[in-house]
Undergrad: 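Let me give you the structure first, and then I'll get to my questions.
If you're wondering where the values come from, they're calculated on a predicted model, not measured in any experiment. We count ligands from 1, going down the list as the structure has it; atoms in each ligand are counted the same way. Values below: every heavy atom of this structure, side chains too, minus hydrogens, waters and symmetry copies.
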Amino acid sequence: MRIVIASPVPQAVADRAEAEFDAVLSQERELDAEALVATLRSSAARGVLVSSRQKLDATTIAALPETVKIIATCSVGFDHIDHEAARARGIVVTNTPDVLTDATADLAMMLLLCAARRAKEYAAVMDAGWRKRFALNEMLGVQPGGKNLGIIGMGRIGRAVASRARGFGMHILYHNRHRLPDDEAIGTRYFDMLEEMLPHCAFVSLHMPSAGSPVMTRERLDLLPRGAILVNTARGDLIDEEALLAALATGQVGAAGLDVFRGEPAFDLRFRDFPNVFLTPHMGSATIETRNAMGWRALDNLARFMEGRHPPDAINY
Ligand code: 8YV
């Protein structure tokens with residue numbers, strides 16, 4: 001089956017694609033929507049592998065040639081694809097769950113610790129040459145142990161973060177669409193109402209899909225204990241960024257670790273002005289092991305489709 005790989009992928013993934021498929025690769029650049037449609041049209045490919053950076057909105061889906069029957073995204077989120085428009089055209093959309101859980105949870109903990117322990121400020125001191133030792137009461141961070149971490153969205157990644165946070169001695173509170181069956185066993189406390197959970201959370205980490213509107217609004221940020229620390233490795237549109245900037249300016253939010261932003265890769269440059277905000281460029285799944293596993297998983301979905309079987313990670317059929 002001919003496929004288009006619309007984004008540069010790890011070499012092992014490219015090698016497998018070329019071995020198992022009639023693959024049209026794009027190892028030098030991400031194909032934008034226009035180039036993607038043109039390549040799919042000229043190649044008459046039946047499948048395409050994309051990343052979360054490629055936006056396949058209704059207009060792009062409508063422009064896809066009839067030959068396209070499956071879109072395999074190398075991401076667990078699929079808010080960059082109008083999967084209902086794809087379904088209306090008989091196009092299956094698949095994602096890559098599970099394989100990026102650990103990498104993303106690791107980055108969430110990294111951001112939590114970097115925010116709590118003033119990593120950006122410490123790095124700036126060293127970059128400037130570190131000329132003076134700090135006194136016992138200077139440049140102090142906060143310790144996660146013994147503190148409450150509020151997890152918003154207790155899916156695979158949320159649970160993996162909870163497991164890591166417990167290792168740091170944190171107590172896990174969570175808000176989710178439903179209560180988990182094993183709260184007692186894993187020591188978590190469920191809150192049906194986010195507004196009831198937030199006043200108890202010295203730390204909050206977001207792990208839910210894009211909701212189309214902010215979950216962390218000004219009102220909810222104001223419910224947090226003063227100085228709370230916010231982490232986001234999920235989606236930028238989950239936070240009212242103007243409200244967060246204001247909360248950071250007053251100290252209501254004491255620090256933040258952010259990997260995702262509205263309007264990526266453009267992001268609100270005012271976040272750079274805060275020494276207590278640690279920023280990363282949407283790299284939750286960005287490890288060698290995970291990006292290979294994601295590519296493998298996407299190719300598995302394409303291979304199953306090629307064999308006439310339903311892809312295991314289909315999200316719209
Ligand atoms: C992607 C992401 O993994 O998986 C997701 O939903 O948010 C991203 O981290 C990455 O952009 C590769 O597509």
Undergrad: Is the F191-Y174 ring centre distance short of 6.0 angstrom?
TA: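 Not under 6.0 Å, so no.
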Undergrad: If you apply the rule side-chain hydrogen bond (donor to acceptor under 3.5 Å, both in side chains), what do you find for T280 with D259, and how did you get there?
TA: CA-CA 5 Å; T280 50; D259 184 50; 2.8 Å; yes
Undergrad: I need the contact residues for ligand 1: any residue with a non-hydrogen atom closer than 4.0 Å to the ligand, ordered by chain then number.
TA: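 Close residues (ligand 1, cut-off 4.0 Å): S51, S52, R53, C74, S75, V76, G77, L100, R235, H282, S285, R291, M294.
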Undergrad: With side-chain hydrogen bond (donor to acceptor under 3.5 Å, both in side chains) as the criterion, how do T188 and D183 come out once you've worked through the C-alpha distance, each side chain's angles and the decisive distance to 0.1 Å?
TA: CA-CA 5 Å; T188 49; D183 274 349; 2.7 Å; yes
Undergrad: Would you say the side chain of V13 lies within less than 4.5 Å of the side chain of I5, judging by non-hydrogen atoms?
TA: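 Sidechains of V13 and I5: no contact.
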Undergrad: Can you check whether D98 reaches R297 side chain to side chain, under 4.5 Å on heavy atoms?
TA: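 Touching, per the 4.5 Å side-chain cut-off.
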Undergrad: Are any of the side-chain nitrogens in R270 or D268 under 4.0 Å away from the carboxylate oxygens of its partner?
TA: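 Looking at R270 and D268, the cut-off is met.
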